[in-house]
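Comments concern the structure below.
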Amino acid sequence: MRIDRPPLRHWEMFRLWHNLDMAGKTTRGRVPRDPLALALLWDYQDGYLAGIPRWAQRAVLGGLARLAVRLNYPRRWLDARPGPGLTLPVATTRAE
């Protein structure tokens, strides 16, 4: 049995974004309204945003992400039940 999941912390990023979206906590463009939630999304991705210096991203978004963790944002938003359209990883069997 094999479980297909996105790499690294992308699954948490997708779950967080979906839960924020389903709770109405994002703009029409699907950007989180809460800066702490936005910083957590940045923390869960494995890269940097284009056009913003890496040091600035680490300082601002990294600092906000650490604050979000201290305020239990991951538990608040990631432990929420997935809404419609988000499914948990599916176990698949491969004929060997």
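- At a threshold of 4.5 Å between side-chain heavy atoms, the hydrophobic network of Ile, Leu, Val, Met, Phe, Trp and Tyr places Val60 and Val31 in two separate groups.
- The heavy-atom pair separating Arg9 from Asp43 by the smallest distance is NH2-OD2, 3.5 Å.
- Put simply, Leu20 and Leu64 are part of the same group of oily side chains (I, L, V, M, F, W, Y) that touch within less than 4.5 Å, one to the next.
- Within the model, atoms CG of Leu40 and CH2 of Trp77 stand 11.0 Å from one another, a figure rounded to the nearest 0.5 Å.
- There is a path of hydrophobic side-chain contacts, each under 4.5 Å, that joins Leu16 to Leu67.
- Heavy atoms only, all atoms of each residue included: Ala39 and Ala65 are closest at CB-N, 3.5 Å.
- In the hydrophobic clustering of ILVMFWY residues, with side-chain heavy atoms under 4.5 Å counting as a link, Leu71 and Leu41 come out together.
- Side-chain contact between Asp34 and Lys25 is absent, with no heavy atoms from C-beta onward closer than 4.5 Å.
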Exercise for review: Check step by step if side-chain contact (heavy atoms from CB on, under 4.5 Å) holds for Leu61 and Ile52.
Suggested key: CA-CA 11 Å; Leu61 294 172; Ile52 303 171; 6.0 Å; no

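- Looking only at distances, a side-chain donor or acceptor of Trp17 sits under 3.5 Å from a matching main-chain atom of Arg30.
- Clustering ILVMFWY residues whenever any of their side-chain heavy atoms sit less than 4.5 angstrom apart, transitively, puts Met22 in a cluster other than the one holding Leu38.
- Note that CG of Leu78 and CG of Asn72 are 11.5 Å apart. Values are rounded to the nearest 0.5 Å.
- Remark: the backbone N or O of Gly62 is paired with a side-chain donor or acceptor of Arg66 at under 3.5 angstrom.
- Within the 4.5 Å cutoff, the side chain of Met13 has no heavy atoms near those of the Trp42 side chain.
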